[in-house]
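Step one of this worksheet: look at the structure below.
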Amino acid sequence: MSEFVYLYRSGARPSRSPEQAQQEMQRWMTWLKDLTEKGHIKDPGHPLERSGKLVTGKARTVTDGPFAETKDVVGGYTLVQAADLAQATTLAAGCPIFELADGTVEVRPVLKMG
Amino acid sequence: MELSDHLFRRESGRMVAALTRVFGIHNLALAEDVVQDAFCRAMEVWPFRGLPDNPSAWLMATAKHRAIDVLRRERTARTFAPELGRLLESEWTLVPIVDEILAGSGLNDDLLRMMFSCCHPRLKEDAQVALVLHILCGFSSHEIAAAFFSTEAATYKRIERAKKVLAGSKHLFDLTAADFAARLSAVQRALYLLFNEGYHGASAESAVRVELCEEALRLVTLLVDHPLTATSSSYALAALLHLHASRLPARVDAAGNLSTLFEQDRSRWDAQHVEKGLCLLNQSAIGSEVTEYHVEAAIAAVHASASRAEDTDWNEIVGLYDTLMSLRSSPVIALNRAIAIAQSEGAERGLDEIRAIAGVECLEDYPFYHAALGELEHRCNRQPRARQHFQVALARARNPMEQRFLQQRLDACM
């Protein structure tokens, strides 16, 4: 088994009715629960605030988020276990984030020691 | 742990009502933003960190933190609830007062006050119903439009206009106000219409419509659970809604077709709703007031106590319709009375009664007026006439379910 990180990105939140919000959340919970039951979740991870600070350059210049393109903002991450990159990618395809227009999941293998 | 159905939608009304007490009704839009924000947080956090032990309390606590941020940030730029005045300006009192308002003990009062505020006399009945659905029941204009067979743009405009009137009303309605009785009757009327919208609609086509009935029941329960609003007429309305709700499981048959009161499989009637309705009807007998809700509930109780359609005491029902006509005569009530007379005294008598209805021309667009004529002509074995009536009825059907129902009736007239 190898480890992978899923990085979730999506643009501005669409406006949703309470019922739609609950249904969308339910889809996320179902997806993560299914992955957990199949032993793929190493750490469910965390959602991230959409704003923060950016430290850059030798001068350690501090600027405020949000960042240049809202769709580039990482909204959360999950640490998963899968046989290989192909399986990790297939599992990511079930993520409800793709119901949002600009939702993406970046699948990155964790670099192994030795 | 599973999340209960419609939790967000239901919590939405409670949170908006409570936040409006802190922010003031003129900041209704701000309260709605804070609630929307709490749902976004829940959507983001719960899938990763698991459901909280008490999801409702989590949502309210999240809304509270956000509300306190807003109050701190904007207290110089905006005015909030005038009755809280200086309490929100001082850091010493800000958090305790917001805590107290959002803590839970007064939430039902807040919901009731919001419900009364939504039934503002400057709003037409349909706008009041739409506003109650939007604010107290958490339906979006898209969802309301779907339930009412209306366009989203028109519904959105109607709700935005209604919200402006509500936000302009300075403060939430006070249940001890002088015009309480008049406002209570507007609230009852709105809940009655809300229930009817769900009950008489094409429930199999749209699940939202059954939800309308459930929401009306939930809100009428608030009325009978509060000492100020638990009047004789509120009990009667609650009885009526429960007795009608008992028939919901039988209104549509196994094939998804509309089934009339005469044909319904009465074993599918919900016994719990019947029992609750009869109990509420007893409770409504406090005082001497007799409203149309009392009479309609009594009619529903007669139907509920007949285990087969042919056991119905039609004479009693005709008598109750006479009483109803004396309280609030309308061509639709007169039509129902005529149908009851047809049951007790025969189809020809029923037809005479229909022809004698004052203002019968108001029923021209109502498909079930033509269907009633068709049915009675059919029973008198005048099939060509019956077919004509059913064809007119069919042309006026308001949804596919009514269309199928009327088509079947037309086909039966051979």
Side-chain angles (χ1 to χ4, degrees), chain A residues 5-37 40-52 65-66 70-71 73-80 91-92 94-100 103-105, chain B residues 1-16 29 32-52 55-56 58-59 62-63 66 133-147 152 155-156 159 207-208 211-212 214-215:
Chain A
V5 172
Y6 287 173
L7 297 172
Y8 307 107
R9 288 189 177 84
S10 62
R13 298 157 169 167
S15 81
R16 309 169 178 90
S17 72
E19 191 72 17
Q20 287 169 327
Q22 183 169 344
Q23 282 165 3
E24 190 177 330
M25 186 186 66
Q26 210 88 53
R27 285 194 289 273
W28 273 91
M29 297 184 85
T30 308
W31 178 62
L32 283 170
K33 188 168 163 248
D34 184 51
L35 290 185
T36 306
E37 281 166 3
H40 288 297
I41 301 293
K42 177 95 178 170
D43 179 344
H46 283 274
L48 302 175
E49 293 276 2
R50 297 207 146 238
S51 58
T70 50
K71 68 178 166 51
V73 179
V74 175
Y77 68 91
T78 300
L79 190 59
V80 303
L91 295 173
C95 181
I97 203 165
F98 300 111
E99 284 170 40
L100 302 175
T104 64
V105 180
Chain B
M1 190 178 125
E2 283 291 308
L3 205 54
S4 57
D5 283 349
H6 317 307
L7 176 89
F8 280 19
R9 198 161 65 52
R10 299 216 161 134
E11 290 304 318
S12 168
R14 275 156 50 92
M15 292 196 285
V16 170
E32 292 191 290
D33 285 348
V34 168
V35 169
Q36 176 88 14
D37 197 74
F39 290 142
C40 280
R41 296 248 138 197
M43 278 177 71
E44 287 170 356
V45 177
W46 295 1
F48 291 94
R49 309 316 299 169
L51 276 186
S56 305
W58 190 101
L59 286 167
T62 304
R66 187 89 185 89
L133 278 173
H134 179 64
I135 293 188
L136 289 152
C137 311
F139 287 106
S140 67
S141 40
H142 176 78
E143 289 156 350
I144 296 171
E152 184 174 359
T155 309
Y156 179 80
I159 290 173
V208 178
E211 284 179 40
L212 297 187
E214 287 169 2
E215 288 303 310

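Chain A is the first sequence line, chain B the second, and so forth, proteins listed ahead of strands; every chain is numbered from 1.
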Task: Partner chain B: residue of A:G76, A:G75, A:P47 with the largest heavy-atom pair count (under 4.5 Å) - done: A:P47
Open item on the list: Please check this pair: side chain of A:Q22 against backbone of B:R9, looking for a donor-acceptor N/O pair closer than 3.5 Å.
Closed with: no
Using a 3.5 Å cut-off and no angle test, enumerate the donor-acceptor pairs between side-chain atoms of residues 41-51 of chain B and protein atoms at least two apart in sequence or in another chain.
{"unit_1": "B:R41", "atom_1": "NH1", "unit_2": "A:E49", "atom_2": "OE2", "d": "3.1"}
{"unit_1": "B:R41", "atom_1": "NH2", "unit_2": "A:E49", "atom_2": "OE1", "d": "2.8"}
{"unit_1": "B:E44", "atom_1": "OE2", "unit_2": "A:R13", "atom_2": "NH2", "d": "3.2"}
{"unit_1": "B:R49", "atom_1": "NH1", "unit_2": "A:G45", "atom_2": "O", "d": "2.6"}

TODO: Report the option among A:P18, A:A21, A:S17, A:P44 that has the most heavy-atom pairs separated by less than 4.5 Å from atoms of chain B.
DONE: A:P18
- [ ] Between chain A and each of B:Q36, B:R10, B:E11, count heavy-atom pairs under 4.5 Å; write down the option with the most.
- [x] B:Q36
Open item on the list: Can you confirm whether A:Y77 is buried at OH, in the sense that more than 12 heavy atoms of other residues, nucleotides or ligands lie under 6.0 Å from that atom?
Closed with: yes
Task: Gap between atom CD of A:E19 and atom CG of B:D5 - 0.5 Å precision - done: 7.5 Å
TODO: Let me know if A:R27 has heavy atoms under 4.5 Å from chain B in its side chain, its backbone, both or neither.
DONE: neither
TODO: Mind ranking A:Q20, A:M25, A:E24 by heavy-atom pairs under 4.5 Å with chain B and telling me who comes out on top?
DONE: A:M25
Open item on the list: Let's go through A:R16 and B:S140 carefully: what are the C-alpha distance in whole Å and the side-chain angles of both, what is the deciding distance for side-chain contact (heavy atoms from CB on, under 4.5 Å) to 0.1 Å, and is it a yes or a no?
Closed with: CA-CA 8 Å; A:R16 309 169 178 90; B:S140 67; over 6 Å; no
- [ ] Please flag which part of A:Q26 lies under 4.5 Å from any non-hydrogen atom of chain B: side chain, backbone, both or neither.
- [x] side chain
